[in-house]
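All remarks here apply to the structure that follows.
Order of the sequence lines fixes the chain letters, A, B, ..., with proteins taken first and strands second; residue numbering starts at 1 for each chain.
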Amino acid sequence: MSETLIGKRIPKLDAPDKASGKTRYIHDLEVPGALHAKILRSAQVHARIVSIDTSAAKALAGVHAVITAADVPWQRPIGVAKDHLPLKTDRVRSLRDEVAAVAADSEEIAETALRLIRVQYEPLPVVATPDQALAPGAPLIHPEPHGADSSPHLKSAGAPVAFAGKPDNIAMTFEYAQGDVAKGEAESDFVVEDVFKLHYVTHCCMGISGVIAEFDPNGNLLLYSNTQVPFLHKREFAELLGIDPARIRIIQPPIGGGFGSKLDIYPFEPIVIFLAKITRRPVKMVFTREEEFLASPTRQPVLLKLRSGCRKDGALTFRTVETVHDNGAYTSWGATTPFVMMQTISSLYRVPHCQYLTRAVYTNNPYAGSFRGYGNLQATFAVEAHMDKLAEAVGMDGLAFRLKNAQDPGEVTPQGMHFKSCGFKDCLATAAARSEFLRKQAENRARWKDPNPVKRGVGIASMLHVGGGAKIYPSDGCGTILKIDDFAHVTLMTGASEIGQGSETVLSQLVCEELGLPLSAVTVVNNDTDITPWDVGVHASRTTFIAGNSAIGAAKKAKAKILAAAAAKAGVPENELSLQSGYIVRSGKEKLFELGKFLRGLHFSDRAELVMTTFYYEPPSKHQDKGFKGDVSAAYAWATQVCEIEVDTQTGIVRLLKVTGAHDVGRVLNRLGIEGQIEGGIVMGQGYALTEDLMVEGGVVKNPNFRDYKLVTAPEIPEMDVSFIETLDGEGPQGAKGVGEAPAICIAAAVANAIYNATGTRITALPFTPENVYRALHGAAKAPAWSAAA
Amino acid sequence: MPAGCDIAFTLNGVKRELNVPAGMSALEMLRDKLGLTGTKYGCGEGECGACTILVDGRSMNSCLLFAADCDGRELVTIEGVATTPRGERLRDAFVANGAVQCGFCTPGLMVQASSLIERQPCATETEIRRGIEGNLCRCTGYRKIIDAIATAATEKSHE
Ligand code: FES
Ligand code: FES
């Protein structure tokens with residue numbers, strides 16, 4: 001037998017280039033003849049555009065084009081709700097709003113030209129919070145249709161452009177119910193209710209946003225893009241330009257981090273395309289870091305009211321949840337995160353009766369996108385606080401209480417999620433045991449009255465997340481084309497994008513495992529829509545599962561063809577043959593043919609079989625119905641994390657000392673890669689809990705830089721102890737499930753529970769910065785209140 | 001047009017003479033004038049470390065350094081570091097330890113680590129952590145970067 005690659009520590013295939021500075025990101029690409037684009041953003045948070053004068057900018061030497069909405073009457077609304085024109089026509093609704101754009105010979109000239117554009121605004125009242133947005137008589141963010149009906153030049157062009165407008169400030173609502181919460185409450189011995197407030201954070205990919213657009217003389221568009229969803233974007237850009245999607249080619253240079261930020265189209269991309277079309281030149285635009293802070297998406301801030309109950313024996317009875325999301329001025333994926341939040345609320349633990357209502361509300365703030373965890377950090381934060389509170393009310397320890405209510409394998413929840421593999425109880429038990437959770441919790445609690453101002457705390461939290469793709473579209477799938485050449489070298493063409501997470505390595509590993517080849521025998525092509533087959537994109541922790549299954553399927557098909565040819569040639573039964581270490585082997589040991597030689601020999605024979613095959617995989621599961629009942633994923637991932645902290649009650653400083661995590665990942669494929677995903681996720685969760693805070697006041701981002709927006713740095717990281725629970729999912733590639741988002745999800749929830757364990761104070765608003773914690777500990781903070789208007 | 005500055009310096013061991021605009025940063029000079037794109041722009045304000053280079057042997061944020069001030073100095077970028085024995089050891093350690101994900105922070109960290117283990121060949125865990133405090137990484141959680149640097153440092157002390 002060849003030695004298995006599964007579970008080994010496989011270095012990333014692209015790491016040597018990256019570590020040598022040889023990798024060319026979009027920022028490093030120079031297209032000969034390219035112009036440089038800059039965007040003029042609004043000077044007002046909310047205003048009418050009275051006039052725009054671009055004449056002085058146009059007159060500047062080196063300027064090739066200055067455009068406003070009037071120059072692209074054919075532009076169409078973009079985004080999840082199509083409520084967003086790339087270039088604004090009559091109104092700006094946030095400070096990031098795009099008013100005009102310049103293409104020039106250099107960035108400096110483009111910058112100078114921006115300063116020459118004169119815009120006259122008529123200020124409108126600012127809607128700074130969801131509360132204000134929901135108040136009776138609040139100014140409306142989208143009172144009238146955009147474009148066609150409100151801008152004379154668009155009307156005259158007769159363009160089919162408009163977003164219809166909204167009679168209120170509600171961007172989206174989600175409602176879900178199971179059972180009868182009134183009955184559940186009547187059966188409860190204990191009921192708790194709290195309001196939780198979750199703040200703004202943003203992705204901070206180290207590689208900032210950028211795009212290069214170029215048309216050929218036939219009008220075909222070539223786009224160099226950082227997108228996580230190239231195939232969906234082809235369709236959207238085609239709609240926007242009114243051309244056939246087949247005429248758009250997207251090449252993804254290596255991407256400097258994604259985390260969900262590159263899941264939507266953002267105005268800069270169409271704008272650069274407009275400029276390329278108008279100037280007939282390649283046009284490149286790369287953000288500055290400040291622009292990245294101001295004009296890329298955020299995680300959605302949420303106000304969440306949770307009411308939950310249980311019986312004396314500890315069994316949960318009901319949950320009622322109401323949330324208000326600050327959608328910002330336009331609708332991106334952030335508005336749809338309730339789809340994930342409700343799963344945690346209904347199905348992480350067994351709850352017979354649930355009700356969930358959420359509204360995403362338009363404001364004049366930055367707009368929220370998708371971000372690793374997709375609403376689950378917020379939902380888990382609230383749910384796990386109540387698991388602690390109810391446990392205490394019943395008089396059970398937090399572990400026993402959770403174990404009592406935890407899901408088991410095989411369960412189908414009232415929401416219809418089917419947990420075919422489920423290591424939840426193992427996760428709970430493992431993380432608790434390895435961290436000595438119960439002993440430490442009791443010891444810390446006993447020290448509440450201790451005079452030492454520095455307290456220790458330990459907190460536990462768990463999570464459930466999609467781990468087998470996500471059927472947010474009617475299907476989830478990924479194509480693979482696999483070629484084996486005369487020298488037994490494999491080219492794996494996959495639709496799955498690499499954004500640093502290591503998909504290219506794990507897919508190679510799965511293919512090599514199937515074909516009995518070393519990793520060096522594979523080249524991965526994954527970044528060109530003209531070559532690679534279709535995929536729905538990198539999101540929802542789906543790539544290893546969906547693209548992995550697809551790659552294995554293609555490899556299996558190739559193997560079957562090779563073995564059939566070999567069996568015929570050697571005159572032996574096919575089932576005695578296998579592929580091992582680059583050979584076709586009989587009965588597990590007898591080397592019949594060297595693979596490359598065998599494949600070469602097939603040329604000019606009647607069995608010429610240079611292997612080229614495709615495979616497409618869609619997991620068999622039922623789609624959710626309109627009431628959100630049904631399965632959304634072929635498999636679910638589970639995890640428990642225990643956080644140990646130290647709180648200085650005199651300064652409010654919270655230090656995260658240790659995280660003990662246990663993750664049901666199905667099976668470990670690349671141990672090095674999965675550890676990296678988990679460690680990175682933990683530290684991202686740490687930033688969400690303790691250091692990161694995008695301060696938005698009156699629609700203005702106050703801290704658009706790394707000096708004032710604090711990412712976690714190396715000295716602050718906790719000790720990390722990670723265990724893997726291998727439940728060998730029946731649908732997973734080699735039994736594996738997705739893991740990308742999971743590790744970031746529980747940290748804030750566990751830290752909140754740890755602060756309570758250390759101090760006896762429960763804080764329900766994030767982030768736990770020294771100031772916020774100090775205020776809370778010294779009675780100077782008000783607990784978040786439920787929005788009066790809501 | 002204000003006249004630029006004529007400067008002469010050594011870059012990755014090779015003498016260079018250049019005319020640069022007065023306001024240009026060393027980072028822009030390296031990336032835009034000299035085509036050395038291994039050094040990255042992450043913030044332009046000295047806050048992320050993606051642009052780290054060696055100037056006369058000391059690590060610096062090239063975004064904060066004027067190109068004109070490079071006159072008479074010795075500059076080493078990731079392209080130079082990567083070909084030294086220490087750089088190769090570090091690269092192998094970064095690869096083997098899984099210290100690279102999206103890789104955007106990696107060149108800056110490689111340069112920083114190289115100067116760190118040159119100065120402190122027996123750096124402790126705490127010293128390594130402090131030594132890379134100015135380099136932000138959004139992907140890895142730093143653990144594997146710290147391990148990689150420690151690995152490369154240990155190999156050195158065994159030489
Ligand atoms: S680009 Fe120089 S420190 Fe960030
Ligand atoms: S590897 Fe992506 S920022 Fe460090």
Side-chain angles (χ1 to χ4, degrees), chain A residues 9-12 14-25 27-30 203-208 254-259 286 288-290 292 498-502 670-673 675-684 686-687 705-707 711-717 720 743, chain B residues 21 31-32 35-48 50 77-83 87-88 90-111 126 128-146 148:
Chain A
R9 305 178 76 81
I10 314 279
K12 265 181 113 260
D14 57 6
D17 266 8
K18 285 177 169 173
S20 315
K22 285 192 188 304
T23 303
R24 288 191 202 101
Y25 299 84
H27 325 86
D28 308 326
L29 294 184
E30 279 304 336
H203 305 73
C204 297
C205 301
M206 291 312 296
I208 47 187
I255 297 172
F259 316 113
V286 174
T288 62
R289 175 58 66 186
E290 185 181 6
E292 184 82 6
E498 166 75 40
I499 57 169
Q501 84 281 42
N670 178 359
R671 192 165 296 273
L672 199 59
E675 284 175 7
Q677 283 298 300
I678 290 191
E679 291 163 7
I682 287 174
V683 172
M684 196 175 263
Q686 176 184 12
N705 57 65
F706 287 134
R707 200 166 32 257
L711 292 184
V712 173
T713 59
E716 302 160 79
I717 65 165
M720 296 181 256
Chain B
R31 290 182 55 83
D32 304 340
L36 292 179
T37 54
T39 308
K40 303 298 179 199
Y41 166 94
C43 70
E45 298 182 328
E47 296 288 336
C48 78
T77 66
I78 178 62
E79 288 86 353
V81 166
T83 57
E88 285 174 357
L90 270 165
R91 179 199 62 211
D92 293 348
F94 269 62
V95 173
N97 282 276
V100 181
Q101 288 188 27
C102 83
F104 204 83
C105 68
T106 314
L109 272 151
M110 285 278 299
V111 174
T126 312
I128 293 174
R129 284 183 180 223
R130 280 217 200 97
I132 58 168
E133 185 169 20
N135 293 75
L136 298 177
C137 172
R138 191 53 154 166
C139 301
T140 65
Y142 303 104
R143 181 66 262 162
K144 295 197 178 317
I145 297 173
I146 299 163

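Between B:C139 and A:F259, the shortest heavy-atom distance links the atoms SG-CZ, 3.6 Å. Here the shortest heavy-atom pairing between B:G141 and A:M720 reads O-CE, 4.1 Å. The shortest non-hydrogen separation linking B:V100 to A:A15 is CB-CB, 4.0 Å. For A:F706 against B:C43, the heavy-atom pair with the smallest separation is CD1-CB, 4.0 Å. Minimum interatomic distance between A:T713 and B:L136 (heavy atoms only, all atoms of both residues): CG2-CD2, 3.9 Å. Smallest separation of non-hydrogen atoms from A:G21 and B:P107: CA-CG, 4.1 Å.
One finds the CZ atom of A:R289 at 10.0 Å from the CD atom of B:E45 (value rounded to the nearest 0.5 Å). With rounding to the nearest 0.5 Å, the separation of CD in A:E716 from OH in B:Y142 is 8.0 Å. Rounding to the nearest 0.5 Å gives a distance of 9.5 Å between CE of A:M206 and CZ of B:R138. Expressed to the nearest 0.5 Å, how far CD of A:Q501 lies from SG of B:C102 amounts to 10.5 Å.
Side-chain atoms of B:Y41 do not come within 3.5 Å of backbone N or O of A:I208 as any donor-acceptor pair. Judged by distance alone, the side chain of B:R129 and the main-chain N or O of A:I717 form a donor-acceptor pair under 3.5 Å. For A:Y25 (side chain) and B:G103 (main-chain N/O), a donor-acceptor pair under 3.5 Å exists by modelled atom type.
Contact of A:E30 with chain B is not made at all, since no heavy-atom distance falls under 4.5 Å. Looking at A:Q677, the atoms closer than 4.5 Å to chain B (heavy atoms on both sides) sit in the backbone and in the side chain alike. In this structure, chain A has a heavy atom under 4.5 Å from the side chain of B:R31, while its backbone stays farther away. Residue A:S20 touches chain B through both its backbone and its side chain, counting heavy-atom pairs closer than 4.5 Å. Of the atoms belonging to A:P254, not a single heavy atom falls under 4.5 Å from chain B. Only the backbone of A:I499 comes within contact range of chain B, judged by heavy atoms closer than 4.5 Å. Only the backbone of B:N97 comes within contact range of chain A, judged by heavy atoms closer than 4.5 Å.
Note: B:G42 leads B:G44, B:G108, B:G42, B:G38 in heavy-atom pairs under 4.5 Å with chain A. Most heavy-atom pairs under 4.5 Å with chain A: of the set B:V95, B:T106, B:I145, B:T83, this distinction falls to B:V95. Ranking A:D14, A:D17, A:T23, A:T288 against chain B, the residue ahead of the rest is A:T288, based on heavy-atom pairs under 4.5 Å. When each of A:G681, A:G680, A:A714, A:C205 is checked for heavy-atom pairs under 4.5 Å with chain B, A:A714 comes out on top.
Two residues are said to be in side-chain contact when any heavy atoms from C-beta on lie closer than 4.5 Å; A:E675 and B:K144 meet this criterion. A:D28 has its side chain within reach of B:K40: a pair of non-hydrogen atoms, C-beta onward, lies under 4.5 Å apart.
Around atom CZ of A:R707, more than 12 heavy atoms belonging to other residues, nucleotides or ligands sit under 6.0 Å away.
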